Amino acid sequence: SATPAELLLALHRSSAGWDVAVCSASSGLGYHPSYPIDEVGEGAQHDPVLIFRHVRADRLLDSAPWFLLYRQLAFRTAAQGVGARALYEVVLPFLSGRSIPAAVRRDPPPAELRR
């Protein structure tokens with residue numbers, strides 16, 4: 001079975017909130033936006049980095065999303081096939097307060113972080 005390769009980062013920006021980034025190189029990559037990359041010549045490539053800006057502290061400090069994520073680490077067999085879906089369809093929308101497409105439209109990833 002494939003090893004999950006998502007990395008979740010939280011950076012405190014100001015009293016207005018946090019920035020949360022998720023980097024993926026595995027099953028979660030399909031949730032990331034894709035951009036045409038002419039230099040590669042292979043059509044669209046998925047952006048490995050998603051950034052959610054202005055995440056409220058009360059959402060980041062809520063135990064529910066962390067319980068869901070840590071439960072998957074503790075019980076890997078029960079969580080197989082659920083990991084990326086839980087992160088991208090439950091945890092990240094909860095943290096950002098909007099769907100992933102809406103969050104990306106509001107705060108597109110900086111060009112320098114694109115592949």
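Just so it is clear, the model here is predicted, and its values are computed rather than measured.
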For the student: nearest non-hydrogen atoms of Val22 and His32, plus distance: O-CE1, 3.6 Å
Single-linkage hydrophobic cluster, 4.5 Å side-chain cutoff, Leu60 and Tyr70 together: yes
What heavy-atom pair brings Asp107 and His54 nearest, and what distance separates the two atoms? OD2-CD2, 4.3 Å
Nearest heavy-atom neighbours spanning Ser96 and Phe52: CB-CD2, 3.6 Å
Is there side-chain contact between Asp19 and Val55, with at least one heavy-atom pair below 4.5 Å? no
Taking every heavy atom of Pro93 against every heavy atom of Tyr88, the minimum-distance pair comes out as CD-O, 3.3 Å
Smallest heavy-atom separation, Tyr31 atom then Glu89 atom, equals OH-OE2, 2.7 Å
Side chains of Arg53 and Arg106 in contact at under 4.5 Å (non-hydrogen atoms): no
Are the side chains of Ser24 and Val49 in touch, meaning some heavy atoms are under 4.5 Å apart? no
Taking Trp66 for the side chain and Leu61 for the main chain, is one N or O donor matched with an acceptor at less than 3.5 Å? no
Report yes if some heavy atom in the side chain of Val20 is under 4.5 Å from a heavy atom in the side chain of Ile51; otherwise report no. no
Rounded distance [0.5 Å steps], CG in Leu95 versus CH2 in Trp18: 11.5 Å
So, the side chain of Arg59 versus the backbone of Phe94: is there a donor-acceptor pair under 3.5 Å, distance only? yes
Nearest atoms (heavy-atom pairs only) where Leu29 meets Pro48: CD1-CA, 3.9 Å
